[in-house]
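Below is one structure, written out as structure tokens; the observations come after it.
Throughout, protein chains are lettered first and strands after them, A, B, ... in sequence-line order, and every chain is numbered starting at 1. The analysis underlying the following values was restricted to heavy atoms, covering all of them including side chains, and did not include hydrogens, waters or symmetry mates. As the structure is a prediction and not an experimental result, all values here were calculated from the model.
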Amino acid sequence: MSESLIRLEAAAPFDFWSTLQAHGWVDLLPNEYHPESQSFSRVQQLASGKVVQLNISAEQGDGIIPLNVLVAHEGRLSVKDRSEIENVVCHMLRLDEDFSEFYRLCKKNGMPWSQMKPGNGRLLRSPELFEDMVKVICTTNVQWGGTKRMVRELVEQFGEALPGNPNLKAFPLAQAIADVSFEDFQSRVRLGYRTPYIYQLARDFAQGSNCYAKFSDMQIPTEEVRKELLSVKGIGNYAAASVLMLLGRYDEIPVDSVFQQLMSKKYFDGGNFDLKEALAIYQDWGKWKYLAYWFDLLTFHQTAEDTSNSD
DNA sequence: CCCCTACGCCCAACCAGATT
DNA sequence: AATCTGGTTGGGCGTAGGGG
């Protein structure tokens, strides 16, 4: 194994650490979270088939924030490999996304959003839509521990291993799942009722029918993408909103148990509430509803922690 | 179109009985 | 009495699909 360093730059405002911590994705394999070194790593299978390990960290900076991507690999990295890795990191960390309009709204809307640090707002995502869709389906009808287990089993069973380290694997290619029979897939990964959904999704992606490729085209209206997502078995309102967020479309709020709890505790005095009333709270945020809700949630938990610590 | 309910799955908690 | 094993129950969770 040899190591290569790839340097990238993130334009301010950018906050590496908050991008990783803002939601649970960093805890799902093949992502690995290293709080002690303020970095995260990930085994990644490149288009060439080569499996590498990326170790990503950020330096301090006022304007441009330098990012270091330490790549562990076999043989040599081609120019193509290097540029693919740059794209992967750029996509995961959303380096190309522009949040300035969201920041302006935050300043205007008072607490708690006005206290948001510059660079907040990015939520880690996967290099490929397939991985994000599978992971979102694995968050439905289950608690977080179950999600982690299902993703771990998928990676262990169908991911390509890093050369010389059979324990470190990449996220499965859709093709790797589509290559086995349904019965085989079902027996190797315990996904419950999700088994046929994820199997079908893998086959669709493997076929490259490209009905999903257009989702990243921001010219296409979000509502259209949403309808397409809802037609996928296993994806309902909550999952569609989550996938849309991962696609960089923040129009929809994922109504799940986390949302219900926040609404009840923060806005409805701990009691029951009407869903429409709750959603109306974020109505003014337009295409930034998801982020407005999400940072409402994060700051609510933070202040709850602070008050319990000071007791 | 929206609302409602049943569903399917896993896991934690609980319990009974058996074994040290 | 303490620990282990196997079995059962209840809670948690969005989705699918049917009905209004």
Below 4.0 Å: OP1/OP2 of C:dG14 and any side-chain N or O of A:S257 | yes

NA contact type, A:G234, heavy-atom cut-off 4.0 Å: base, sugar-phosphate, or nothing?
-> sugar-phosphate

Specify the separation, in whole Å, of atom CD1 of A:I137 and atom C1' of C:dT15.
-> 11 Å

Rounded to whole Å, the CG-P distance (A:N237 to B:dC1) equals 12 Å

Separation of atom CD in A:Q143 from atom P in B:dG8, rounded to whole Å | 20 Å

Give the rounded distance in Å between these two atoms: CG of A:L229 and P of C:dG14.
-> 17 Å

Given the options A:L67, A:I64, A:I65, A:L95, A:E9 meets side chain to side chain contact (heavy atoms under 4.5 Å, CB included) only with A:I64

Cation over ring, A:R188 on A:F158, under 6.0 Å and within 45°?
-> yes

Measure from the side chain of A:K233, starting at C-beta and using heavy atoms only, and say which of B:dC11, C:dG17, C:dT15 lies closest.
-> C:dG17

Rounded distance (Å) that lies between atom C1' of C:dT15 and atom CG of A:L191 | 16 Å

Establish whether the base of B:dG8 is bridged to the side chain of A:N141 by a donor-acceptor pair shorter than 3.5 Å.
-> yes

Let me know the distance between OH of A:Y238 and C1' of C:dA16, rounded to the nearest Å.
-> 17 Å

Residue whose closest nucleotide on DNA chain B lies nearer the 5' end, A:G192 versus A:K276 | A:K276

Just say parallel, tilted or perpendicular for the rings of A:Y282 and A:Y267, cut-offs at 30° and 60°.
-> perpendicular

Under-4.0 Å side-chain N/O to phosphate OP1/OP2 contact, A:T140 with C:dC13 = no

Any donor and acceptor pair, going by atom type alone, linking the side chain of A:N109 with main-chain N or O of A:L105 inside 3.5 Å?
-> yes

A:E228 and A:S231: which non-hydrogen atoms are nearest, and at how many Å?
-> O-OG, 2.6 Å

OP1 or OP2 of B:dC11 under 4.0 Å from side-chain N/O of A:R149 | yes

Between A:I235 and A:Q261, the residue closer to the 5' end of DNA chain C by nearest nucleotide is A:Q261

Could you give the CG-to-P distance, from A:L230 to C:dA16, as a whole number of Å?
-> 8 Å

Which part of the nucleic acid does A:Y197 contact within heavy-atom distance under 4.0 Å: base, sugar-phosphate only, or nothing?
-> sugar-phosphate

Spacing between A:M150 atom CE and B:dC11 atom P, to the nearest angstrom | 8 Å

